[in-house]
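For reference, the structure discussed in these notes is given below.
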Amino acid sequence: MAPPLFWTFSAIMLLFGLMVIIWRNLVTSALSLVVCFLALAALYVSLDAFFIGVIQILVYAGAVMVLFLFIIMLLDLKAEERRRLNLPAFFGGIVVIALFVKVLFDVSYGFQDGSASFPAIQHGQQPDVWYIGLTIFQQYKLQLQIIGTLIVVATIGVVILSKRELK
Amino acid sequence: MVTLNDYLIVSGLLFAIGFAGVLLRRNLIAIFMALELMLNAANLSLIGFSRFNVRNGLPDYNAQILVFFIVTVAAAEVAVGLAIIVALYRARHTTHVEDLNSLKF
């Protein structure tokens, strides 16, 4: 967990996250989101969560973002045209976000335990996927089945929603 | 030295960016992408706490399982949400939220 690497990837993540909401062109936004997710996966790996990092790249940067790009291109959305800004709503949003960031910094710097360094873990003896598999299949069997059912229901729902004639 | 607080602040800033996107963007798909940013910010803080809470020389894997489930549910959510957006676009030929105000009081 070298500090330069952490700050580099954090900066990339926040910069591209900001570009997601700044660019008006949706394809540019979606590609910025891919880079943001890749940097986030690097942060997961820096926290010794290798499996979650790989999942992040495969599921988010791969599957989910391909779905987004596919829909953007399917709908053939042009860049959002500039409209008259709703000024009270805009400044209200800015104020809410500024207050949120202020509270975030207050809480984080008041959290004394969090300024300790991360405790060491046993390296070399950490097959990440093995432990995650043990935890899932020993403690969370039922939840895994529920998630599987949820995915099936979502798939069927999407197929029905995408039919041309809704009855 | 990178501490837990650094990770929490970075994750909170990512959440704030996503929040700003939801509040300030006016396109449904852009709002949806900002929503994904907020979801991932929550995941980052969960993984940070998992690494911080070391027991028997191992990180807390319960948090990582929770993140795994969140990613799964998020993928299902994206599929359903985008299907709704496509259906909406077929009916109204727009994805701009200010044109979709038939539920507005």
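We name chains A, B, ... by the order of the sequence lines, and we start the count at 1 in each one. Side chains included, hydrogens not; waters and symmetry mates left out as well; all remaining heavy atoms used. Just so you know, these numbers come straight off a predicted model, no measurement behind them.
Proximity to chain B (any heavy atom under 4.5 Å) is restricted, for A:L40, to the side chain, taken from C-beta onward. For a residue to count as touching a neighbouring chain, one of its non-hydrogen atoms must lie under 4.5 Å from one of that chain's; by this rule B:T95 touches chain A with the side chain only. Both the backbone and the side chain of A:L75 come within less than 4.5 Å of a heavy atom in chain B. The parts of A:L18 that come within reach of chain B are both its backbone and its side chain, each placing non-hydrogen atoms under 4.5 angstrom from that chain. With a 4.5 Å cut-off on non-hydrogen atoms, B:N53 does not touch chain A at all. Contact annotation for A:F70: neither backbone nor side-chain heavy atoms come within less than 4.5 Å of a heavy atom of chain B. For A:F111, the parts lying under 4.5 angstrom from a heavy atom of chain B are both the backbone and the side chain. For B:L39, the part lying near chain A is the side chain, with the backbone staying farther off; criterion is any non-hydrogen pair under 4.5 Å. Both the backbone and the side chain of A:I136 have a heavy atom closer than 4.5 Å to some heavy atom of chain B. Both the backbone and the side chain of B:F69 have a heavy atom closer than 4.5 Å to some heavy atom of chain A. For a residue to count as touching a neighbouring chain, one of its non-hydrogen atoms must lie under 4.5 Å from one of that chain's; by this rule B:I84 touches chain A with backbone and side chain alike.
When all heavy atoms are compared, the tightest approach of A:V158 to B:A83 is CG1-CB, 4.0 Å. The nearest pair of heavy atoms linking A:P3 to B:V2 is CA-CG2, 3.6 Å.
The residue among A:V101, A:L43, A:I55 with the most heavy atom pairs within less than 4.5 Å of chain B is A:L43. Ranked by heavy-atom pairs under 4.5 Å with chain B, the first of A:G17, A:G157, A:G92, A:A63 is A:G17. When B:I29, B:T3, B:T94, B:N5 are compared by the number of non-hydrogen pairs under 4.5 Å with chain A, B:N5 comes out ahead. Your options are B:I85, B:T72, B:N40, and the one with the most heavy-atom pairs under 4.5 Å with chain A is B:N40. Contact count versus chain A (heavy atoms, under 4.5 Å) is highest, among B:A76, B:A34, B:A20, for B:A20. The greatest number of non-hydrogen atom pairs below 4.5 Å with chain A, out of B:I65, B:L13, B:V78, B:V10, is found for B:I65. Interface check for chain B: of the options A:Y44, A:F51, A:F100, A:F105, the most heavy-atom pairs under 4.5 Å are formed by A:Y44. In terms of heavy-atom pairs under 4.5 angstrom with chain A, the leader among B:F52, B:F19, B:F68, B:F32 is B:F52. Listed options A:V64, A:I94, A:I97, A:I22 were ranked by heavy-atom pairs under 4.5 angstrom with chain B; first place goes to A:I97.
A side-chain donor-acceptor contact under 3.5 Å links B:R51 to the backbone of A:P119.
In terms of hydrophobic clustering, with Ile, Leu, Val, Met, Phe, Trp and Tyr side chains grouped at heavy-atom distances under 4.5 Å, A:L26 and B:L100 are assigned to a common cluster. Linking Ile, Leu, Val, Met, Phe, Trp and Tyr whenever their side-chain heavy atoms come within less than 4.5 Å leaves A:V103 and B:L23 in two separate clusters. Residues B:L66 and A:V129 share a single hydrophobic cluster, defined by chaining ILVMFWY side chains whose heavy atoms lie under 4.5 Å apart. A single hydrophobic cluster is seen to contain both A:F137 and A:I132, as judged by linkage of ILVMFWY side chains at heavy-atom distances under 4.5 Å, directly or through other members. Cluster annotation: A:W7 is connected to A:M13 through the hydrophobic network of ILVMFWY side chains, with a link wherever side-chain heavy atoms come within less than 4.5 Å.
Taking CG of B:L58 as the start and OG1 of A:T135 as the end, the distance is 9.0 Å to the nearest 0.5 Å. Taking CG of A:L14 as the reference point, atom CD1 of B:I17 lies at 5.0 Å (rounded to 0.5 Å). Rounding to the nearest 0.5 Å places CG of B:L4 at 5.0 Å from CZ of A:F118. Rounding to the nearest 0.5 Å places CD1 of A:I72 at 8.5 Å from CG of B:L82. Taken to the nearest 0.5 Å, the CH2 atom of A:W23 stands 11.5 Å off from the CZ atom of B:R25. To the nearest 0.5 Å, atom CZ of residue A:F68 and atom CD of residue B:E36 are 5.0 Å apart.
Between A:S108 and B:Y7, the side chains place no donor N or O within less than 3.5 Å of an acceptor N or O (distance only, hydrogens not considered). Counted by atom type alone, A:Q56 and B:N43 present zero donor-acceptor pairs between their side chains at under 3.5 Å.
When side chains are defined from C-beta on, B:I9 counts as touching A:Y109, because their heavy atoms get closer than 4.5 Å. Put simply, the side chain of B:L14 reaches to within 4.5 Å of the side chain of A:C36, judged on heavy atoms. Looking only at side-chain heavy atoms (C-beta outward), B:Y61 and A:L134 stay at 4.5 Å or farther from each other. Side chains of A:S29 and B:M33 form a contact here, defined as non-hydrogen atoms less than 4.5 Å apart. Counting heavy atoms from C-beta on, the side chains of A:I21 and B:L24 never come closer than 4.5 Å.
The salt bridge (Lys or Arg N to Asp or Glu O under 4.0 Å) contacts involving residues 144-158 of chain A comprise nothing, where partners must be two or more places apart or lie in separate chains.
Contacts from residues 138-148 of chain A to chain B, taken as heavy-atom pairs separated by less than 4.5 Å, involve A:Q139, A:Y140, A:Q143, A:L144, A:I147 in sequence order.
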